[in-house]
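Remarks on the structure that follows.
As the structure is a computational prediction, the values presented were derived from the model and not from experiment. Convention: sequence-line order gives letters A, B, ...; per-chain numbering from 1.
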Amino acid sequence: MTTRLPRRSFARSATEVAPELLGHILARRLPDGVVLRARIVETEAYDQNDPASHAYRGRTPRVRVMFGPPGHLYVYFTYGMHHCMNVVTGPVGTASAVLLRAAQPLEGMERMSIRRRTDRVRDLCRGPARLAQAFDVDRSLDGADLVRGSEIWIERGPGASAASIRRGPRVGIRVGTDLPWRFWIDGPWVSVSRPAAVLSPR
DNA sequence: TCCCCGATTAACT
DNA sequence: GTTAATCGGGGAG
């Protein structure tokens with residue numbers, strides 16, 4: 001029997017939620033009923049007052065969901081061709097979210113392979129846009145409720161021991177690179193190999 | 001309205 | 001290592 005992460009799991013700050021999502025299971029029910037599952041192995045936190053956050057300049061139609069209640073999906077479109085998905089965190093009125101960057105495929109790999117146009121399991125969910133494509137996530141799922149919805153949700157998995165969690169600078173941004181807000185579990189499933197994890201500051 | 005560029009990926013050399 | 005692909009968001013004018 002599987003249980004979903006409850007609303008309160010997402011109600012804290014993005015920097016708290018991001019490492020806590022590692023080791024849990026992203027699940028998706030496709031329109032025809034097929035269920036996809038993958039173990040989350042890489043996340044990034046995007047906070048209010050974070051120059052790298054899409055919501056840094058305030059409330060716009062695109063980032064509306066980020067200001068809403070926690071436990072919903074924020075999906076954005078970028079580079080003219082890619083979608084990426086985030087979990088909204090924190091209380092209503094604050095804009096923070098956790099970007100899901102990579103996962104280890106567990107179930108429904110055949111369907112992921114069709115979407116991704118590759119049979120290489122390692123490439124199915126390794127990267128935020130690859131993950132979104134494998135899970136058939138686009139802007140139509142923006143705002144989906146991960147706690148009560150039937151299209152996409154997060155199940156409690158084995159989690160990750162504190163000792164197995166690495167952290168370091170976020171990927172693909174030009175500001176806020178000093179913040180070690182990328183979290184991952186070492187292995188073949190993460191999107192980018194980085195020289196070394198930096199230790200938590202302070 | 002114009003214009004630059006992006007929380008990326010794949011296919012190159 | 002480099003770069004094209006491709007288009008919506010949002011700041012500037």
State whether [X] and [Y] are salt-bridged, where the test is any N-O pair (Lys NZ or Arg NE/NH1/NH2 against Asp/Glu carboxylate O) under 4.0 Å.
{"X": "A/Arg116", "Y": "A/Asp136", "value": "no"}
{"X": "A/Glu155", "Y": "A/Arg37", "value": "yes"}
{"X": "A/Arg148", "Y": "A/Asp145", "value": "no"}

Which nucleotide in the set B/dT9, B/dG6, B/dA10 lies at the smallest distance from any side-chain heavy atom of A/Arg116?
B/dA10
Atom CG of A/Asp138: over 12 foreign heavy atoms under 6.0 Å
yes
If you count the non-hydrogen atoms of other residues, nucleotides and ligands that lie under 6.0 Å from CZ in A/Arg139, is the total more than 12?
yes
How close or far is atom [atom2] of [N] from atom [atom1] of [X], stated in whole angstroms?
{"X": "A/Asp123", "N": "B/dA11", "atom1": "CG", "atom2": "P", "result": "10 Å"}
{"X": "A/Phe77", "N": "C/dG10", "atom1": "CZ", "atom2": "C1'", "result": "16 Å"}
{"X": "A/Arg59", "N": "C/dG9", "atom1": "CZ", "atom2": "C1'", "result": "18 Å"}
{"X": "A/Arg117", "N": "B/dA11", "atom1": "CZ", "atom2": "C1'", "result": "16 Å"}
{"X": "A/Arg57", "N": "B/dG6", "atom1": "CZ", "atom2": "P", "result": "11 Å"}
{"X": "A/Ile173", "N": "B/dT8", "atom1": "CD1", "atom2": "C1'", "result": "14 Å"}
{"X": "A/Tyr76", "N": "B/dT9", "atom1": "OH", "atom2": "C1'", "result": "13 Å"}
{"X": "A/Arg170", "N": "B/dG6", "atom1": "CZ", "atom2": "P", "result": "15 Å"}

Would you give the length of the straight line joining atom CG of A/Leu141 to atom CD of A/Glu151, rounded to the nearest 0.5 angstrom?
5.0 Å
Rounded distance [0.5 Å steps], CG in A/Asp47 versus OG1 in A/Thr89
7.0 Å
How far does the P atom of C/dG1 sit from the matching atom of B/dA7, given to the nearest Å?
22 Å
Expressed as a whole number of Å, how far does the C1' atom of B/dC5 sit from that of C/dT3?
15 Å
Which residue lies more 5' along DNA chain B, comparing A/Arg126 with A/Arg174 via nearest heavy atoms
A/Arg174
In residues 79-108 of chain A, what residues come within less than 4.0 Å of DNA chain C, judged by heavy atoms?
A/Tyr79, A/Gly80, A/Met81
Stretch residues 60-75 of chain A: residues that reach within less than 4.0 Å of DNA chain C through a heavy atom:
A/Thr60, A/Arg62
Verify the cluster assignment for A/Val41 and A/Leu36: are they in a single hydrophobic cluster under the rule of side-chain heavy atoms below 4.5 Å apart?
yes
Reckon A/Arg139 touches a base, only the sugar-phosphate, or nothing at all at heavy-atom distances under 4.0 Å?
nothing
Which part of the nucleic acid does A/Ala52 contact within heavy-atom distance under 4.0 Å: base, sugar-phosphate only, or nothing?
base
With A/His54, which of A/Tyr76, A/Tyr74, A/Tyr46 fulfils side-chain hydrogen bond (donor to acceptor under 3.5 Å, both in side chains)?
A/Tyr74
Is A/Tyr46 stacked against the base of B/dA7, taking the criterion as centroid distance under 5.5 angstrom and interplanar angle under 30°?
yes
Under 6.0 Å from the six-membered ring centre of A/Phe77 and within 45° of its axis: does the NZ or CZ of A/Arg62 meet both?
no
If pairing means Watson-Crick or G-U wobble with both distances under 3.5 Å, then the partner of B/dA11 is C/dT2
